[in-house]
Amino acid sequence: MNLINSNSLANLGCAIFQATGSEKAEATIISNHLVEANLAGHDSHGIVRIAKYVHWQRRGEVLPNQHIKVVRDKGAALLIDGQFGYGQVIGLEAMQMLIDRVKNTGFAVAAIRNSAHLGRIGAWAEQLANAGFPSFHFVNTSGYGILVAPHGGSDRRLSANPVAAGTPSANGPLVLDIATSVIAEGKIQMMRNKHQLLPPGSVIDGNGKPTTDPDSFYADPPGAILPFGGHKGSGLSFFCEVLAGSLTGGFASNSKSPTAGRLVNNMLSIAFDPAYFSGTDFFASDIEQLIKWTTASPPLDPENPVILPGELEDRIRAERRVSGIPVDPETWAQLESAALEVGVNTSDYVKLD
Ligand SMILES: NC(=O)c1ccc[n+]([C@@H]2O[C@H](COP(=O)([O-])OP(=O)(O)OC[C@H]3O[C@@H](n4cnc5c(N)ncnc54)[C@H](O)[C@@H]3O)[C@@H](O)[C@H]2O)c1
């Protein structure tokens with residue numbers, strides 16, 4: 001495992017995206033978002049995605065240098081089209097618009113459709129929390145991101161459909177950021193790269209039998225990921241389809257979608273200004289009480305006290321900023337080959353020991 005400095009990785013990513021046609025500002029935003037995911041410990045949504053994004057760009061599935069298009073603007077309700085641009089740019093611009101809106105309307109909803117991969121969804125909850133607003137985000141994937149079996153089913157019908165929520169607190173944003181599947185697909189890819197077995201109970205093979213072999217997920221017929229919490233995760237995932245897919249116009253997971261040939265993320269984001277509800281001061285002090293109350297629960301295991309949503313990511317971030325980001329040899333080889341394909345030499349940016 002190589003440990004690579006986050007700034008060097010971000011510069012390498014930026015060079016690769018510029019080489020595929022993104023303007024420097026866009027290349028920087030995409031690369032920083034991916035490296036931030038690694039820093040937060042979500043390697044499945046970090047630089048492992050670069051090779052995939054390059055591939056999608058070359059096939060015309062993601063379009064460089066796109067910006068949000070406001071389709072409908074009803075004050076607190078925004079319908080936004082991502083025009084198949086990079087999700088890192090579309091998400092950033094849409095959240096900025098939501099922040100501006102929520103300041104005036106007390107709460108606001110952004111329904112975002114036709115974005116390319118929106119990456120680590122917690123980033124959007126963090127952006128809102130840093131501006132002072134609690135928020136909720138429902139995401140679906142139309143097109144070919146359908147990987148999850150519904151509870152009781154045996155093949156791919158839903159996507160990993162992440163849900164994120166965030167709130168400001170005195171010590172910075174608290175963010176819950178989870179896929180509604182037992183495991184995110186990117187983690188299967190990472191485990192395959194590292195020749196590791198999958199956690200039992202996370203995946204079934206193409207015949208509906210439980211498996212821990214990452215290859216059987218990508219075999220023909222393909223396997224499927226299971227929803228977390230049985231009917232609960234499956235039901236939440238179904239409503240991600242409803243809210244992020246059918247409601248935004250981005251389509252629920254459905255092979256009849258006209259976007260079937262590309263991976264499309266759609267997202268419904270809802271944000272609130274505490275000033276319009278309980279009041280800014282009450283909200284801030286009540287959150288602090290809630291934090292103290294929750295974390296004071298005597299731990300079942302003294303080695304593992306209660307932690308809050310987002311706390312693990314904060315710890316990993318602090319560690320990795322100093323020690324570097326661990327990159328396994330297979331992920332590095334994929335990144336090197338994607339870089340070479342677009343004329344970028346990784347050694348100009350990263351020196352491996
Ligand atoms: N764009 C997409 O289509 C898409 C699809 C699926 C997943 N994702 C992303 O994949 C990433 C990984 O998702 P995941 O489901 O594997 O995440 P995960 O299972 O690692 O859960 C992460 C969340 O759980 C919290 N957490 C972890 N351990 C905890 C503990 N002991 N106590 C309290 N809270 C704890 C974390 O703070 C975080 O909020 C997320 O960033 C998600 O947005 C994106």
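Note that ligands are numbered from 1 as they come in the structure, with each ligand's atoms numbered from 1 the same way.
Neither Val62 nor Val264 shares a network with the other; the hydrophobic side chains, linked directly or stepwise wherever heavy atoms of I, L, V, M, F, W or Y lie under 4.5 Å apart, form separate groups for each.
Short contacts between ligand 1 and Glu313, defined as distances under 4.0 Å to a heavy atom of the residue, involve ligand atoms 22 (C), 36 (C), 37 (O), 38 (C). Near Lys187, the atoms of ligand 1 lying under 4.0 angstrom from a non-hydrogen atom of the residue are 12 (C), 14 (P), 16 (O), 17 (O), 18 (P), 20 (O). Ligand-side atoms of ligand 1 in range of His42: 11 (C), 12 (C), 17 (O), 20 (O), 22 (C), range being under 4.0 angstrom from any heavy atom. Below 4.0 Å from some heavy atom of Pro309 lie the following atoms of ligand 1, by number and element: 37 (O).
Between His45 and His33, the distance from one ring center to the other does not fall under 6.0 angstrom. Phe107 has its ring centre no less than 6.0 Å from the ring centre of Phe277.
The presence of a protein heavy atom under 4.0 Å from atom 9 (C) of ligand 1 is confirmed. At a distance under 4.0 Å, a protein heavy atom can be found next to atom 43 (O) of ligand 1.
Taking 4.0 Å as the cut-off, Ala164 does not count as a neighbour of ligand 1 on heavy-atom distance.
Within the 4.0 Å heavy-atom criterion, the part of Val175 lying near ligand 1 is the backbone and not the side chain. With a heavy-atom cut-off of 4.0 Å, Asp177 touches ligand 1 through backbone and side chain alike.
The shortest N or O to N or O distance between Ile121 and ligand 1 is under 3.5 Å. Considering backbone and side-chain N/O of His45, one or more are found under 3.5 Å from N/O of ligand 1.
Using a distance-only test at 3.5 Å, with no hydrogens or angles considered, a donor-acceptor pair links the side chain of Glu241 to the main chain of Ser253.
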